[in-house]
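Start at 1 and go down the list; that is how both ligands and their atoms are numbered.
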Amino acid sequence: MTHTNPIIPKPQIPHRDLLQLRVIPTKAELLEDIARLRKERNAVILAHNYQLPEVQAIADYVGDSLGLSRQAAQTAADVIVFAGVHFMAETAVILNPSKIVLLPDLRAGCSLADTLTAQGVRDWKAKNPTGLVVTYVNTTAEVKAESDYCCTSGNAVQIVQALPEDVPILFAPDRYLAAHVIRETGRQMDVWDGACHVHQAIRPEDVTCQQAAYPNAELLIHPECGCSSRILSEFPDLKLYSTEGMIHRAQASEAQEFIVVTEIGMVTRLSNDIPDKTFIPVSRTACCEYMKMITLESVRDALLNLQPRVTVPEEIRVCALIPLERMIAKG
Ligand code: 13P
Ligand code: SF4
């Protein structure tokens, strides 16, 4: 089946672009251009919680990987501008192939997704032919096409819990998320040895140092974090949260202060949504350079040029759709 992209009218070119002036636009000019272009293009801007504050501020929706996938699947817009990383834009294409999906900077990749190839999954399956492959959404479209189920940090536990007891599970690519799923479900799984460079670098000492400085603060820990197993051995009742789960927990908690143990952009999202509480980053160096590649300027240029586009070959897309639909149906 082929999908045709909608015909989009040509946008008005800002006067300074017609003149080809190499002037750096002001923030106000960029915001004005984005406001006009998003209407002309009938575009929706979806931003992950780790995006820069100014990018979160212009988004129609800010959320975690699960929420973003659901938004991408159901949008009525003609164009999706993905303010996130490459696998997220690919996921939008797989779920909603008739849309034009733009990733404002194609260099925005993911170190965790880079740890696993489709051939790696095929070799793994060949050694474990009866196993079910569950992959985190932080993977390429080709890897998803080899998977039985996809999951996010928001629903990995529910996805694994629902699998038949007597079937081996091959879980990839994040070993820290896998450890969390094993703890929560009691299921044994064969685990791929991958990790995200940002979350892996968060040390237990970073957490204890902030706890000493803010003794009343509650911990909000993401399951991708390298520190999570050691912190949990000290505080076994502690819960781990996806980025969206952190919002719900901070809203429900009696605490006024929180140490946010994940990528630093999450502090922006929490502070915007819950302004009467205080959110402290676990470390100022917990920063994903890929997420920060998306800027107001690149969003504006993407809307203006309808480039760079992310596409997925149809034969890969139809296979990757099955595990992704199972993912968005759960949790
Ligand atoms: P969630 O937003 O789904 O919790 O994932 C975090 C992440 O690292 C995305 O790259
Ligand atoms: Fe990938 Fe880690 Fe960046 Fe998330 S924070 S996009 S997992 S590199």
Is the closest side-chain donor-acceptor distance between [X] and [Y] under 3.5 Å?
X: Thr243; Y: Asn49; value: yes
X: Ser111; Y: His197; value: yes
X: Asp123; Y: Gln119; value: yes
X: Thr262; Y: His199; value: yes
X: Ser253; Y: Glu218; value: yes
X: Ser242; Y: Ser153; value: no

Does ligand 1 come near enough to [X] that some N or O of the ligand is less than 3.5 Å from an N or O of the residue?
X: Asn49; value: no
X: His199; value: no
X: Ser242; value: no

Is [X] linked to [Y] within one hydrophobic cluster, defined over Ile, Leu, Val, Met, Phe, Trp and Tyr using a side-chain heavy-atom separation of less than 4.5 Å?
X: Val62; Y: Ile328; result: no
X: Ile45; Y: Leu102; result: yes
X: Leu68; Y: Leu324; result: yes

Nearest protein heavy atom to [atom], by residue and atom, and its distance?
atom: atom 1 (Fe) of ligand 2; result: Cys110 SG, 2.4 Å
atom: atom 8 (S) of ligand 2; result: Ser111 OG, 3.4 Å
atom: atom 2 (Fe) of ligand 2; result: Cys196 SG, 2.3 Å
atom: atom 3 (Fe) of ligand 2; result: Cys288 SG, 2.4 Å

Practice task
Would you mind running through ligand 2 and noting each atom that sits below 4.0 Å from a heavy atom of Asn138?
Solution key: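 Counting atoms of ligand 2 from 1, those under 4.0 Å from Asn138 are 7 (S).
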Practice task
Provide the number and element of each atom of ligand 2 under 4.0 Å from a heavy atom of Glu224.
Solution key: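 Listed by number with element: 7 (S).
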Fill in the blank from the handout: Among Leu68, Asn138, Asp174, closest by heavy atom to atom 10 (O) of ligand 1 is Asn138
Fill in the blank from the handout: Check: of Ser153, Gly154, Ser69, min heavy-atom distance to atom 4 (O) of ligand 1 comes from Ser153
Problem - Metal site atom 3 (Fe) of ligand 2: N/O/S of His197 inside 2.8 Å - result: no
Problem - Sub-4.0 Å heavy-atom approach of Tyr290 to ligand 1 - result: no
Practice task
Using a strict cut-off of less than 4.0 Å between a Lys/Arg side-chain nitrogen and an Asp/Glu carboxylate oxygen, indicate whether Lys292 and Glu289 qualify as a salt bridge.
Solution key: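 No, Lys292 and Glu289 are not salt-bridged.
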Problem - Note: Glu234-Arg230 ion pair, threshold 4.0 Å (strictly below) - result: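 Salt bridge absent between Glu234 and Arg230.
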Exercise for the section: Applying side chain to side chain contact (heavy atoms under 4.5 Å, CB included), run through Val310 and Leu106 and close with a yes or a no. Expected result: CA-CA 8 Å; Val310 172; Leu106 281 182; 4.1 Å; yes
Tell me the contacting part of [X] for ligand 1: side chain, backbone, both, or neither, using a 4.0 Å heavy-atom threshold, strictly below.
X: Tyr241; answer: neither
X: Met246; answer: neither
X: Glu263; answer: neither
X: His48; answer: side chain

Suppose I only count heavy atoms of [X] and a 4.0 Å limit; which atoms of ligand 1 are within that range?
X: His222; value: 1 (P), 4 (O), 5 (O), 6 (C)
X: Met88; value: 9 (C), 10 (O)
X: Tyr136; value: 5 (O)
X: Glu224; value: 6 (C), 7 (C), 8 (O)

Problem - Arg249 to Tyr241 six-membered ring, cation-pi geometry met (6.0 Å, 45°) - result: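 Relative to the ring axis of Tyr241, which defines the angle, Arg249 lies outside at least one limit.
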